[in-house]
Amino acid sequence: MWINNIEDAIVLKLQNAFPDIDRFTDEISRQSDKQFFIDIFGISEKTDGANHTQKFADMDIVYKDKNHSQENYHQIAEMLDGLFRPVFYFKNRALTVDKTNISIVDEILHFTFSISYRDSIAEKAHGQMMENIKLNLGR
């Protein structure tokens, strides 16, 4: 599923950029001192013609640090912005991320952005394939 591909790409980016910080996708851990939690919501698909689907999703990368400071959260937010904006890559796609949002609520950093892209399915050929024709144009 395309959502799993996006989630895997986010986890890999976080793993490479922050190897010493735990990453979770199922639930926020109570045991981890520093952690990222990836939440993907607002998932929708819209038919856009017989062979095209427009896909939408909102990303929330949550960062929690038991020894947090405002300055530390702002530094992490700036680093996340550099990882995901202006272009977010997953699989064979490169998506433009126009805007990111940063908020700190209840001592937890939320870094959010939205994505959308069009998925197209190639049309199947109808009928028989054309054969080679030998043509002699004489004068």
Check your understanding: Would Lys99 and Asp81 satisfy salt bridge (Lys or Arg N to Asp or Glu O under 4.0 Å), going step by step from the backbone distance to the final call?
Key -> CA-CA 9 Å; Lys99 178 182 175 187; Asp81 190 67; over 6 Å; no
Point to revise | Any side-chain heavy-atom pair of Lys46 and Phe56 under 4.5 Å | key: yes
Check your understanding: In Å, rounded to the nearest 0.5 Å, how long is the span from CG of Leu14 to CD1 of Ile61?
Key -> 5.0 Å
Check your understanding: If you count the non-hydrogen atoms of other residues, nucleotides and ligands that lie under 6.0 Å from CD in Gln15, is the total more than 12?
Key -> yes
**Study point:** Shared hydrophobic cluster, Leu80 / Ile104 (ILVMFWY, side-chain heavy atoms < 4.5 Å)
**Key:** yes
Check your understanding: In Å and rounded to the nearest 0.5 Å, what is the CE to CG distance from Met59 to Asp39?
Key -> 10.0 Å
Check your understanding: Can you find a heavy atom in the side chain of Arg118 that is under 4.5 Å from one in the side chain of Thr53?
Key -> no
Check your understanding: What's the verdict on ring-ring contact (aromatic ring centres under 6.0 Å, His included) for Phe36 and Phe18, showing C-alpha distance, side-chain angles and the deciding distance?
Key -> CA-CA 10 Å; Phe36 286 107; Phe18 305 96; 5.0 Å; yes
Practice item. Kindly state whether the ring of Phe84 and the ring of Phe113 have centres lying under 6.0 angstrom apart. Key: yes
Check your understanding: salt bridge (charged side-chain N to carboxylate O under 4.0 Å, His left out): which pairs involve residues 20-33, sequence neighbours left out?
Key -> Asp33-Lys66
Check your understanding: Can any side-chain N or O of Lys64 pair as donor or acceptor with the backbone N or O of Glu107 at less than 3.5 Å?
Key -> no
Review point. Do you reckon Tyr89 sits in the same ILVMFWY cluster as Met79, going by side-chain contacts under 4.5 Å, direct or chained?
Key: no
Review point. Between Tyr73 and Asp65, is there a donor-acceptor pair closer than 3.5 Å when you use the side chain of the first and the backbone of the second?
Key: yes
Point to revise | Pairwise distance CG(Asn4) to NZ(Lys91) - rounded to 0.5 angstrom | key: 10.0 Å
Exercise for review: State, yes or no, whether a side-chain contact exists between Ser120 and Asn51 at a heavy-atom distance under 4.5 Å.
Suggested key: no
Check your understanding: In Å and rounded to the nearest 0.5 Å, what is the CD1 to CD1 distance from Ile6 to Ile3?
Key -> 4.5 Å
Check your understanding: Are any of the side-chain heavy atoms of Ile102 and His110 separated by less than 4.5 Å?
Key -> no
Exercise for review: Evaluate the side-chain proximity of Ile43 to Asp58: yes if any heavy-atom separation is below 4.5 Å, no if none is.
Suggested key: no
Practice item. Could you please spell out the steps behind the side-chain contact (heavy atoms from CB on, under 4.5 Å) verdict for Thr100 and Phe111? Key: CA-CA 7 Å; Thr100 59; Phe111 177 83; 3.5 Å; yes
Revision key, fill the gap. Closest non-hydrogen contact found for Arg85 with Val97 is CG-O, 3.0 Å
Review point. Does the side chain of Asp60 come under 3.5 Å of the side chain of Thr112 through a donor N or O and an acceptor N or O?
Key: no
Review point. Can you check whether Lys34's main-chain N or O pairs, donor with acceptor, with Ser32's side chain at less than 3.5 Å?
Key: yes
**Study point:** Atom pair CD1/NE2 of Ile76 and His74 - distance to nearest 0.5 Å
**Key:** 12.0 Å
Exercise for review: Show the numbers, then the answer: is there a ring-ring contact (aromatic ring centres under 6.0 Å, His included) between Tyr117 and Trp2?
Suggested key: CA-CA 11 Å; Tyr117 69 95; Trp2 64 279; 5.7 Å; yes
Point to revise | Geometric class of the Phe88/Phe90 ring pair [parallel <30°, tilted 30-60°, perpendicular >60°] | key: parallel
**Study point:** Close side-chain approach of Tyr63 to Ile108, heavy-atom, < 4.5 Å
**Key:** no
Practice item. With the side chain counted from C-beta on, respond yes when Gln54 and Ser116 share a heavy-atom pair under 4.5 Å apart, and no when they do not. Key: yes
Exercise for review: Would you indicate whether the side-chain heavy atoms of Leu95 and Val87 approach each other to under 4.5 Å?
Suggested key: no
